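Note that the structure is a prediction, hence the values are computed from the model and not measured.
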There are 2 protein chains.
Amino acid sequence: MENKNGNITSNIKSVAKLAGVSISTVSRVINNPDSVSEKLRSKVKHAIEYLGYHPNQIARSLRTGSTKLIGFIIPDITNPAFLLMIKGAEDFLKRRGYTFIVCGTDHNTREETKLLRTLLSQNVEGMIVTCSGGQNSDFSKTVESTNIKMVFMDRRYENSKVPYVGVDNAGGVKKITDHLIETGHKSIIYLSGERNTSSARERLRGFIDSVRNRGIDFQVFYGRFTFESGYDLTKRLKKIPDAIVGGNDLVALGAIEALSQMGYCVPHDVSVVGFDDMFYSKYSRPPLTTVRQPIYEMGYMAGKILWQLLNGKHVKKHDVILQTEVILRETVKSRI
Amino acid sequence: MENKNGNITSNIKSVAKLAGVSISTVSRVINNPDSVSEKLRSKVKHAIEYLGYHPNQIARSLRTGSTKLIGFIIPDITNPAFLLMIKGAEDFLKRRGYTFIVCGTDHNTREETKLLRTLLSQNVEGMIVTCSGGQNSDFSKTVESTNIKMVFMDRRYENSKVPYVGVDNAGGVKKITDHLIETGHKSIIYLSGERNTSSARERLRGFIDSVRNRGIDFQVFYGRFTFESGYDLTKRLKKIPDAIVGGNDLVALGAIEALSQMGYCVPHDVSVVGFDDMFYSKYSRPPLTTVRQPIYEMGYMAGKILWQLLNGKHVKKHDVILQTEVILRETVKSRI
DNA sequence: TTGTATGCGTTATCAT
DNA sequence: ATGATAACGCATACAA
């Protein structure tokens, strides 16, 4: 039997014919083997083996109404952090029989809405989404109109009834800034990236929370979440502070590079800290003091919550906020 | 109408009923609007709008035999290089209406075979695969028995009729090793990773090609393709050579770190080069001299070839080998 | 131009 | 324990 692509495709009918049984028996051998006699079961199994048959998932889905498909929408499929989250979610869900469609928006909210529609018409049973912007009303409207099971991961849209799993961005930045203050840093600069996502706003808030009303001389500059941005922002500094807090590790690393080119030594002259603890940060020179997020765990948790949603279980906490950990390495020097 | 998940699902029937036409007319409005009178067309369109109807892709696929689904199998969904390849392929294919399922094997060939089966039963129309090991006979057998359209990307299994897109690994390592020899390096050590994949073997071959019969004192050590492996291997070196060639950038960076801890200065005392030009290598201290592969282009090309396969076009070159480029930065010093 | 009826490959219901 | 058959939602050949 040949389909449109010229592929040789065996189906339940051909298996039944070869085994000399009805198609219902074949179906039973696959879905409920115990209900078939040993004799027929073995016949059917051999036929399946011989023909290299495997059930057509499409037909199965149409009939059962269950695709066992989960969709992911993330801002950038090239960013290892997002993929580690996805791995976490997959590790939880794949042993429960799900398959995954992963889509990247390139940080474009219009594309995000489009992908939502695509996944919907692929009949995914659930979705895990890391939002691409600060808001996307088309997206939110579509979600509300469909009752699709969804979980937001790491970044969310506000005013939404979608459960959320994230990390305590504000708390993390606050912790590491507190550490800076406790070790005698009097003037501190925060280098933010784009401020449109929920996580970026939270990090900035953590910095402000830590620094205000404590007699600290502080300033905030906005750029992007890249090495180059950290570099440029730092090069333009009129006055070098006691410490610089990067909105993420890349920004911090860029700042260190600029500082070194400007003749300052880290941490001797300036302390620098980041946020993320990305793969490379422990190998930088000097190794970067930063905040570690439980990335993988975040994904795992998102997978778990989606699974609860899918199975009609009561989701206890609507929002789950995971805690961060300060990783002390060698870019901070006490100035007491 | 409500499906098993409790979702409100409108179907072609409900649209037809509301519009007061037959289901074939609705189908025509969607697939071939010009064949329907203006009057009915507008009625149907309003009904579609009102109900928020979109066609069930599952049913459509079952009927037409076309899923517009492409599957990817890669060794590790957490590795940015693989994902950049995928992005290349997607950029070519998505404007042609395809959707993508991405699966990672965790470098496990058994899992690889399982994923192949999964994708097959999801009725993907084509697949792009980066092989997880040196061989996988179950995988190869299954592929041959199905006529699935497939392209190997970056890593391949031998003896296969599957088209392949890769880079000239051997040529790349040869080029950079030649450069080392031409700049007066007399003793050179190659630090390989696992030697089971096709690309790892090719890189080693490039090194040997460059070094032999030229009076060079050379040695090869095997470890893994990680920072730690480069570090450990280097720490165990009895005698420090003029230059070290890392099987990839991570290994080279690990070697540099070990060297620096052992009191050697790069490139003053030893030259070190890598392979990949991964994202971070230009920011390392000192910036790493390495070989750049056209990662994205490789994926784009793989997508293009798969598309040709899918459309029955004649694929001119069965194998496509892309060229590499040596990136000179600051970890090599001339010793002439 | 429009409608009726068939079948895609399954699973599930109902007989036997 | 096994088989015949309806139904899932859609596209399409054929009839009108």
Considering just the side-chain nitrogens and oxygens of [X], establish if one lies under 4.0 Å of OP1 or OP2 belonging to [N].
X       : N      : answer
A/Ser61 : C/dT10 : no
A/Arg63 : D/dA7  : no
B/Asn31 : D/dA11 : yes
B/Asn11 : D/dG9  : yes
A/Thr25 : D/dG3  : yes

Length of the [atom1]-[atom2] vector between [X] and [N], whole Å:
X        : N      : atom1 : atom2 : answer
B/Lys13  : C/dA5  : NZ    : C1'   : 13 Å
B/Leu62  : C/dT6  : CG    : P     : 18 Å
B/Leu51  : D/dG9  : CG    : C1'   : 15 Å
A/His54  : C/dG9  : NE2   : P     : 13 Å
B/Arg28  : D/dT12 : CZ    : P     : 10 Å
B/Gln122 : C/dG9  : CD    : P     : 17 Å
B/Ile23  : D/dA13 : CD1   : P     : 15 Å
B/Ile48  : D/dC10 : CD1   : P     : 10 Å

Given [options], the nucleotide with the shortest approach to the side chain of [X]:
X       : options               : value
B/Asn56 : D/dG9, D/dT2, D/dA11  : D/dG9
A/Ile12 : C/dT1, C/dT10, D/dC10 : C/dT10
B/Leu40 : D/dC10, C/dT2, D/dG3  : C/dT2
B/Arg60 : D/dT5, D/dA11, D/dA4  : D/dA11
B/Ser27 : C/dT4, D/dT12, C/dT13 : D/dT12

If you count every heavy atom of other residues, nucleotides or ligands that lies below 6.0 Å from [X] atom [atom1], does the total exceed 12?
X        : atom1 : value
A/Lys114 : NZ    : no
A/Arg117 : CZ    : no
A/Lys304 : NZ    : no
A/Lys94  : NZ    : yes

Exercise. With a 3.5 Å cut-off and no angle check, do the side chains of A/Glu158 and A/Ser198 form a donor-acceptor pair?
Worked result: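 No, because no side-chain N or O of A/Glu158 sits under 3.5 Å from a partner of the opposite role on A/Ser198.
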Exercise. Does A/Arg95 count as lying over the ring of A/Phe92, i.e. NZ or CZ under 6.0 Å from the six-ring centre, within 45 degrees of the axis?
Worked result: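 Output no; distance or angle outside limits.
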For this session: Check B/Tyr164 against B/Ile321 and note the closest heavy-atom contact, atom names and distance.
Result: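 Between these two residues, the closest heavy atoms are CE2-CD1, 3.8 Å.
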Problem set entry | Bend angle of the helix from C/dT1-D/dA16 to C/dT16-D/dA1, from helix axes over five pairs at each end, nearest 10° |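 End-to-end axis angle: 40°.
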Problem set entry | Touch class at under 4.0 angstrom, heavy-atom based, for B/Val26 against every strand present |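 No contact at all - B/Val26 keeps every heavy atom at 4.0 Å or more from the nucleic acid.
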Exercise. Could one point to a donor on the side chain of B/Ser24 or the base of C/dT4 with an acceptor on the other under 3.5 Å away?
Worked result: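 Side chain to base: pair found, below 3.5 Å.
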Exercise. Pick the nucleotide of DNA chain D nearest each of A/Ser35 and B/Ile58; which residue has the one closer to the 5' end?
Worked result: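 Nearer the 5' end of the strand: A/Ser35.
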For this session: Would you give the length of the straight line joining atom CG of B/Asn56 to atom CG of A/Leu62, rounded to the nearest 0.5 angstrom?
Result: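 Atom-to-atom, B/Asn56:CG and A/Leu62:CG are 6.5 Å apart.
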